[in-house]
Trainee: 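Starting off with a structure, shown below.
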Amino acid sequence: MSRWTDMAGKASGEDYAARFETLARSGKNVHGEARFCAALVPVGARVLDAGCGTGRVMIRLAELGYDCVGVDLDASMLAVARKQSPGLPWFQVDLAEFEPALLGIAGGFDLVVAAGNIFPLLAPGTETTVVKHLSAALRPGGLLVAGFGLDEAHLPVPPNLTLADYDDSCSAAGLTLVDRFATWDADPYDGGGYAVSVHRR
């Protein structure tokens with residue numbers, strides 16, 4: 001069981017979506033992740049949203065002209081995504097078992113994005129496996145972008161994944177660190193409790 005499932009239970013999608021709707025109504029920009037990704041690859045690029053949740057990031061990228069696929073393990077989150085944008089491809093799958101061919105879709109993505117603390121919320125011990133699956137889904141030269149918390153202030157669960165651990169997993173999967181930021185606004189990383197990492201296959 002993933003740490004997300006253990007934490008959130010079985011009916012989390014509507015609550016999660018409502019939280020971001022409230023933020024958007026308050027004037028907060030809730031599309032930082034999509035803007036960040038759009039600065040890395042050209043319009044029309046193929047993007048995999050790994051751990052897409054309710055689809056907030058992927059729907060925005062699709063609106064901007066990207067060719068997107070979303071995968072997530074949480075059925076309640078995907079139900080919201082499908083309701084909000086029924087024309088986009090959403091798949092329920094464990095990232096530790098993700099293989100595009102098994103879903104009837106092509107690999108060779110230009111970019112894979114894992115936003116929303118995906119890696120710290122995986123089932124313990126599966127992080128390296130997930131990175132390998134996501135790396136394999138990239139085209140040569142493609143990018144893996146992951147943003148996640150590193151301390152209690154930035155996580156809903158006790159921290160269990162360091163940047164060194166994550167970088168080791170990426171290296172084992174044939175990925176090289178390109179850059180690292182402190183936020184989705186591309187602020188320089190200074191060793192703080194949240195990091196957005198960009199690795200290239």
Side-chain angles (χ1 to χ4, degrees), residues 1-24 30-34 36-37 46-63 66-105 107 109 111-137 144-150 152 154-161 166 169 184 194 196-197:
M1 179 180 291
S2 71
R3 299 181 96 198
W4 166 260
T5 303
D6 191 39
M7 176 191 73
K10 294 184 180 293
S12 52
E14 293 289 349
D15 292 340
Y16 188 87
R19 180 157 61 91
F20 279 95
E21 287 169 7
T22 299
L23 289 172
V30 296
H31 296 304
E33 300 99 326
F36 183 96
C37 292
R46 296 188 68 230
V47 176
L48 173 69
D49 191 345
C52 62
T54 59
R56 176 178 55 87
V57 176
M58 175 168 144
I59 291 170
R60 179 60 178 161
L61 283 170
E63 290 171 349
Y66 292 87
D67 180 8
C68 301
V69 173
V71 295
D72 201 282
L73 182 60
D74 189 319
S76 73
M77 302 282 268
L78 286 171
V80 174
R82 289 175 176 134
K83 181 179 179 181
Q84 292 182 336
S85 192
L88 293 177
W90 309 101
F91 297 93
Q92 185 177 3
V93 64
D94 187 329
L95 290 176
E97 301 172 356
F98 171 69
E99 293 184 31
L102 296 180
L103 301 177
I105 59 175
F109 288 93
L111 184 144
V112 173
V113 57
N117 286 320
I118 299 305
F119 281 96
L121 294 173
L122 294 171
T126 66
E127 297 88 356
T128 296
T129 298
V130 170
V131 172
K132 286 181 179 178
H133 281 280
L134 297 182
S135 176
L144 171 62
V145 179
F148 54 85
L150 301 162
E152 292 185 1
H154 295 87
L155 285 170
V157 295
N160 70 318
L161 181 66
Y166 179 67
S169 293
W184 290 99
Y194 190 89
V196 180
S197 304

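Here the structure is a predicted model, which means the values were calculated and not measured.
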Trainee: Using side chain to side chain donor-acceptor pair (under 3.5 Å) as the criterion, list what pairs up with W184, not counting sequence neighbours.
Mentor: Y194
Trainee: Which value, rounded to the nearest 0.5 Å, describes the distance between S169 atom OG and L144 atom CG?
Mentor: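 Between S169 OG and L144 CG, I get 10.5 Å after rounding to 0.5 Å.
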Trainee: I'd like to check the side chain to side chain donor-acceptor pair (under 3.5 Å) partners of T129; sequence neighbours left out, ordered by chain and number.
Mentor: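 Scan of T129 (side chain to side chain donor-acceptor pair (under 3.5 Å), adjacent residues dropped) gives none.
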Trainee: Give me the atom names and distance for the closest heavy-atom approach of L121 to P156.
Mentor: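 In this case the closest contact between L121 and P156 is CD2-CG, 4.3 Å.
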Trainee: Does some side-chain heavy atom of V57 sit less than 4.5 Å from a side-chain heavy atom of C52?
Mentor: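 C52 vs V57: side chains apart.
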Trainee: Side-chain contact test, heavy atoms from C-beta onward, threshold under 4.5 Å: evaluate it for L103 versus V71 and give yes or no.
Mentor: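 Answer yes - side chains close enough.
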Trainee: Would you please name every residue forming a side chain to side chain donor-acceptor pair (under 3.5 Å) with T126, sequence neighbours left out?
Mentor: none
Trainee: Kindly determine whether E33 and V145 satisfy side-chain contact (heavy atoms from CB on, under 4.5 Å), including the steps that lead there.
Mentor: CA-CA 10 Å; E33 300 99 326; V145 179; over 6 Å; no
Trainee: Listed by chain and number, what are the ring pair (Phe, Tyr, Trp, His ring centres under 6.0 Å) partners of F148, not counting sequence neighbours?
Mentor: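 F148 satisfies ring pair (Phe, Tyr, Trp, His ring centres under 6.0 Å) with Y166 once adjacent residues are dropped.
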Trainee: Atom CD of E127 and atom CG of L161: how far apart are they, to the nearest 0.5 Å?
Mentor: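 Reported to 0.5 Å precision, the distance equals 5.5 Å.
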Trainee: Which pair of non-hydrogen atoms, one from W90 and one from G55, has the smallest distance, and what is that distance?
Mentor: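 Smallest heavy-atom distance, with atoms named: CH2-CA, 3.6 Å.
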Trainee: Any chance you could measure R82, atom CZ, to Q92, atom CD, to the nearest 0.5 Å?
Mentor: 7.0 Å
Trainee: For E63, what residues pass the salt bridge (charged side-chain N to carboxylate O under 4.0 Å, His left out) criterion, not counting sequence neighbours?
Mentor: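 Counting only residues at least two positions away or on another chain, E63 forms a salt bridge (charged side-chain N to carboxylate O under 4.0 Å, His left out) with R60.
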Trainee: Kindly indicate whether the side chain of I105, heavy atoms from C-beta on, has any atom under 4.5 Å from the side chain of P89.
Mentor: no
Trainee: If only atom types and distance count, is the side chain of R46 paired as donor or acceptor with the main-chain N or O of V69 below 3.5 Å?
Mentor: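 No, the answer is negative, given that no donor and acceptor are paired below the 3.5 Å cut-off.
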Trainee: Return the set of residues passing side chain to side chain contact (heavy atoms under 4.5 Å, CB included) with C37 (not counting sequence neighbours), or none when no residue passes.
Mentor: L61, L111, V113
Trainee: Of all residues at least two apart in sequence or in a different chain, which pass the side chain to side chain donor-acceptor pair (under 3.5 Å) check with S197?
Mentor: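 S197 satisfies side chain to side chain donor-acceptor pair (under 3.5 Å) with R180 once adjacent residues are dropped.
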Trainee: Would you name the heavy atoms of L102 and E97 that are closest together and state the gap between them?
Mentor: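 Looking at all heavy atoms of both residues, the closest pair is CD1-O, 4.3 Å.
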Trainee: Would you please name every residue forming a ring pair (Phe, Tyr, Trp, His ring centres under 6.0 Å) with Y66, sequence neighbours left out?
Mentor: none
Trainee: Residues two or more places apart in sequence or in another chain: which of them pass salt bridge (charged side-chain N to carboxylate O under 4.0 Å, His left out) with D94?
Mentor: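 Expected list: none.
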Trainee: About how many Å separate CG of L48 and NE2 of H133, when rounded to the nearest 0.5 Å?
Mentor: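 If we round to the nearest 0.5 Å, H133:NE2 and L48:CG are 12.5 Å apart.
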